[in-house]
*Asks:* 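Structure below; questions to follow.
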Amino acid sequence: MKKLVSLMLVLVVCLSLAVTALARDGSLNDFEIEMGVLTRYTGRGGDVTIPGSVNIVGCYAFQNCDGLKSVSLQSSITYIGDYAFQNCKNLQSISIPDSVTRIGDHAFEGCTSLRDVIYGDYSGGSEEQWNAIEIGSGNAALNNATFHYTTAVPAIIPTIGAFNDVKVTDYFSKAVEWAAKQYIAAGTADRQFSPYQTCTTAEILMFLWRTDGEPAPTIVNPFSDLSGGDDFFRGRPVGV
């Protein structure tokens, strides 16, 4: 029973790694993404966090989404396309990371309820950086909002354990802390867990293998794309 519970817990960790960018009032199915471009949001709105796999918020992506109240953009995003949030009349606040270098024409046209723009992320975001962004025409609603620069009002949120990129306020923080203490997931680099990075099949099976006590394989390797020299070789056949 304990082993079954442990396996269930590690699956939760895997799911946390894969879906940390879910919208709080929706799911990944609400986002149509092609080659890093968010082409269309089909959800009901509410408080939405755009997935970390998105690099560009495409033209018209959220256009006429009346249910949208707030939007949080991940630090992977560099460009907000033309008309991206046009006529989102109930949009009240948006968080824009300092990775954004251009905001297209009419991206926020008709966003009559927009009041607050939070600029920057945990690495900072100053007024000088904002002024360096290329902002297209037709964005009066954005320009007239109240700006909150993260460097102007520092908000230090504690991180967990050995990872600088997992805050205690993240909903997956306890799962990450558990996985690290059990030596199931040790992170991707020095003090980095990379919670928004998608797991490979090999990584997921390594998590399961470690949870099960790292048992030796009991079958002959059936895979042509797996060799004894691979770091994850011992863990792979166990998952068959």
Side-chain angles (χ1 to χ4, degrees), residues 1-24 26-43 48-56 58 72-78 99 159-167 170-240:
M1 177 59 73
K2 290 183 178 179
K3 187 173 292 185
L4 177 61
V5 171
S6 295
L7 288 172
M8 291 177 66
L9 285 171
V10 80
L11 284 175
V12 169
V13 173
C14 295
L15 289 173
S16 295
L17 292 171
V19 300
T20 50
L22 289 179
R24 292 196 296 274
S27 73
L28 283 175
N29 293 327
D30 294 337
F31 302 93
E32 296 179 7
I33 303 171
E34 299 178 8
M35 302 296 291
V37 179
L38 173 57
T39 59
R40 192 65 183 168
Y41 171 73
T42 59
V48 174
T49 298
I50 295 178
S53 58
V54 173
N55 304 122
I56 296 174
S72 179
L73 280 63
Q74 304 290 342
S75 58
S76 57
I77 295 174
T78 59
S99 56
T159 56
I160 69 160
F163 304 119
N164 289 331
D165 55 353
V166 180
K167 299 185 288 292
D170 290 328
Y171 75 87
F172 51 84
S173 63
K174 290 188 180 299
V176 172
E177 186 174 16
W178 171 82
K181 287 182 178 179
Q182 299 298 320
Y183 189 60
I184 293 170
T188 58
D190 184 33
R191 299 188 64 79
Q192 297 294 309
F193 191 77
S194 302
Y196 300 106
Q197 179 175 307
T198 302
C199 290
T200 65
T201 302
E203 289 168 338
I204 292 174
L205 287 178
M206 280 294 291
F207 298 152
L208 293 171
W209 179 62
R210 289 170 178 169
T211 302
D212 201 34
E214 301 186 359
T218 57
I219 64 172
V220 177
N221 173 32
F223 301 113
S224 61
D225 59 347
L226 183 65
S227 69
D230 292 324
D231 292 338
F232 48 82
F233 173 75
R234 292 183 61 201
R236 188 64 172 269
V238 177
V240 175

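Residue indices begin at 1 and follow the sequence shown. No hydrogens, no waters, no symmetry mates; every other heavy atom, side chains included, goes into these values.
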*Asks:* Is the backbone of Ser72 close enough, under 3.5 Å, to the side chain of Thr49 for a donor and an acceptor to pair up by distance?
*Replies:*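 No: the side chain of Thr49 does not pair with the backbone of Ser72.
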*Asks:* Mind listing the closest non-hydrogen atom pair of Gly43 and Asp30 along with its distance?
*Replies:*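 Closest heavy-atom pair between Gly43 and Asp30: CA-CG, 3.6 Å.
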*Asks:* Taking the six-membered ring for Trp, are Phe172 and Tyr196 parallel (under 30°), tilted (30 to 60°) or perpendicular (over 60°)?
*Replies:*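 The rings of Phe172 and Tyr196 stand perpendicular, inter-plane angle above 60°.
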*Asks:* Do you know which two heavy atoms are closest between Val176 and Val166, and how far apart they sit?
*Replies:*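 So the two residues come closest at CG1-CG2, 4.3 Å.
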*Asks:* Say whether, by atom type as modelled, one donor and one acceptor occur between the side chain of Ser99 and the main chain of Ser75 under 3.5 angstrom.
*Replies:*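 Checking the backbone N and O of Ser75 against the side chain of Ser99, a donor-acceptor pair under 3.5 Å is found.
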*Asks:* For Pro51 and Ser76, work out which heavy atoms get closest and say how close.
*Replies:*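 What the structure gives for the nearest pair is O-OG, 4.4 Å.
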*Asks:* Nearest 0.5 Å, what's the CD1-CE distance between Ile56 and Met35?
*Replies:*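 Reported to 0.5 Å precision, the distance equals 11.0 Å.
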*Asks:* Could you check if a side-chain atom of Phe31 sits within less than 4.5 angstrom of a side-chain atom of Val54, using non-hydrogen atoms only?
*Replies:*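 Counting from C-beta outward, Phe31 and Val54 never come under 4.5 Å.
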*Asks:* Drop me the distance from Gln74's CD to Ile50's CD1, to the nearest 0.5 angstrom.
*Replies:*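 Between Gln74 CD and Ile50 CD1, I get 8.5 Å after rounding to 0.5 Å.
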*Asks:* How far does CD of Glu203 sit from OG1 of Thr198, to the nearest 0.5 angstrom?
*Replies:*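 That separation rounds to 9.5 Å.
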*Asks:* Indicate the atoms forming the closest heavy-atom contact of Asp165 with Gln192, along with that distance.
*Replies:*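 Heavy atoms of Asp165 and Gln192 come nearest at OD2-OE1, 3.2 Å.
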*Asks:* Would you give the length of the straight line joining atom CG of Leu38 to atom CD1 of Ile33, rounded to the nearest 0.5 angstrom?
*Replies:*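 Reported value, rounded in 0.5 Å steps: 6.0 Å.
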